[in-house]
Amino acid sequence: MAAARPIGSASDDKRIACRRILPRAFYSRPVLTVARSVIGKLLVSESADGVTRGRIVESEAYRGPTDRAAHSFGGRRTARTEAMFGPPGHAYVFFVYGMHWHFNLVTGRTGEPHAVLVRAVEPVDGTALIAARRGIDGDIRNLANGPGKLCKAFAIDGNDYAVDLCKAGRLYIVDGPPPKKIGRSERIGVDYAGAWARKKWRFFDADSPFVSRARNAYGAQRKGSPP
DNA sequence: TGAATGATTTACT
DNA sequence: GTAAATCATTCAA
């Protein structure tokens with residue numbers, strides 16, 4: 001095995017471009033498995049203004065129809081959630097808070113409304129373009145360390161709804177090494193889901209400074225005083 | 001037809 | 001720490 005190399009060099013870029021696109025078999029596994037396994041993989045976005053690549057460092061699993069935090073809870077199948085019920089390896093993209101897009105990977109078997117929310121990415125290639133899209137410069141850790149930021153950084157929106165991630169095109173994910181240590185925590189922003197919000201279905205690279213809410217280094221943080 | 005709300009981010013006190 | 005921004009989706013009527 002090759003020794004660890006810094007990511008982002010020109011030669012490394014060439015190497016990344018040759019990596020295999022994750023096959024549908026990667027996605028057609030239990031949603032928690034996919035959420036954990038996708039940490040370290042590379043998200044690739046190709047658009048008219050250029051190619052951007054980023055290492056996925058944070059994810060969350062949503063397992064409808066039983067998971068109260070999932071949009072597909074109770075088997076709710078609407079125009080919005082339709083992609084979650086479709087075949088694995090496709091994108092579930094939705095709009096929230098009147099201004100932010102979120103990007104998910106559909107997992108499991110067709111008909112099982114399971115998805116993995118990609119919450120944070122470490123910019124690897126096309127950083128200047130990402131910074132321009134985000135309208136900020138300075139600390140690159142802030143470019144894609146959140147689900148909404150990430151979509152803006154990689155130009156993901158409703159046009160990418162249900163796109164097939166298993167073939168080269170607008171959006172796909174290529175193989176990459178897993179991190180040294182994966183942290184776990186409760187999912188963020190789903191307090192309305194009661195007990196389901198307390199499940200530790202958030203996964204992240206414990207050593208990455210590019211995860212959202214960086215203070216939870218090892219996922220041990222708990223807010224408040226649970227029973 | 002209308003009202004409530006959200007898998008967030010940003011700016012401000 | 002708090003609050004504003006801002007609208008598609010959802011559900012009730």
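Because the structure is predicted, anything quoted here is derived from the model rather than measured. Every chain is numbered from 1 and lettered A, B, ... according to where its sequence line falls, protein lines coming before strand lines.
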Notebook entry, point to check: When the distance from CD1 of Ile136(A) to C1' of dT9(B) is rounded to whole Å, what number comes out?
Noted result: 11 Å
Next item on the list: Assign the ring pair Trp101(A) / Phe95(A) to parallel, tilted or perpendicular, where the plane angle (0 to 90°) is split at 30° and 60°.
Entry: tilted
Item checked: Cation-aromatic face contact Arg29(A)/Phe26(A), 6.0 Å, 45 degrees -> yes
Check: Taking the nucleotide of DNA chain B with the closest heavy atom to each, which residue, Gly148(A) or Val96(A), is nearer the 5' end?
Finding: Val96(A)
Check: Think His102(A) has a side-chain N or O under 4.0 angstrom from the OP1 or OP2 of dT8(B)?
Finding: no
Margin query: Please classify the nucleic acid contact of Arg187(A) as base, sugar-phosphate, or nothing, using heavy-atom distances under 4.0 Å.
Written below: nothing
Check: Tell me: CH2 of Trp101(A) to P of dT9(B), nearest whole Å?
Finding: 15 Å
Check: If you find the nucleotide of DNA chain B closest to Arg134(A) and the one closest to Val190(A), which residue's nucleotide is nearer the 5' end?
Finding: Val190(A)
Item checked: Watson-Crick/G-U partner (both atom distances under 3.5 Å) of dT6(C) -> none
Item checked: Between Arg170(A) and Ser45(A), a side-chain donor and acceptor under 3.5 Å -> yes
Notebook entry, point to check: Between Tyr97(A) (OH) and dA3(C) (C1'), how many Å, whole number?
Noted result: 14 Å
Check: Atom NE2 of His100(A) and atom C1' of dT8(B): how far apart are they, to the nearest Å?
Finding: 4 Å
Next item on the list: Determine: side-chain N/O of Arg80(A) to OP1/OP2 of dT10(C), distance under 4.0 Å, yes or no.
Entry: yes
Next item on the list: Using only side-chain N and O atoms of Thr78(A), determine if any of them is under 4.0 Å from OP1 or OP2 of dT9(C).
Entry: no
Check: If you measure from CZ on Phe210(A) to CZ on Arg55(A), what distance do you get to the nearest 0.5 Å?
Finding: 9.5 Å
Notebook entry, point to check: Atom OH of Tyr192(A) and atom P of dT8(B): how far apart are they, to the nearest Å?
Noted result: 8 Å
Check: Has Tyr62(A) got its ring stacked on dA7(B), by the test of a centre gap below 5.5 Å and a plane angle below 30°?
Finding: yes
Next item on the list: Tell me whether the OP1 or OP2 atom of dT8(B) has a side-chain N or O from Arg119(A) closer than 4.0 Å.
Entry: yes
Next item on the list: State whether the side chain of Arg63(A) and the backbone N or O of His114(A) hold a donor-acceptor pair below 3.5 Å, judged by distance alone.
Entry: no
Next item on the list: Round to the nearest Å and state the distance from Met99(A) atom CE to dT10(B) atom C1'.
Entry: 9 Å
Note to self: I need the CZ-P distance between Arg202(A) and dT8(B), as an integer number of Å.
What the structure shows: 11 Å
Item checked: Residue matched to dA7(B) through Watson-Crick or wobble contacts both under 3.5 angstrom -> none
Next item on the list: Using a cut-off of strictly less than 4.0 Å, decide whether Lys152(A) has a side-chain nitrogen or oxygen near OP1 or OP2 of dT8(B).
Entry: no
Item checked: d(CD1, Ile188(A); C1', dG6(B)) in whole Å -> 15 Å
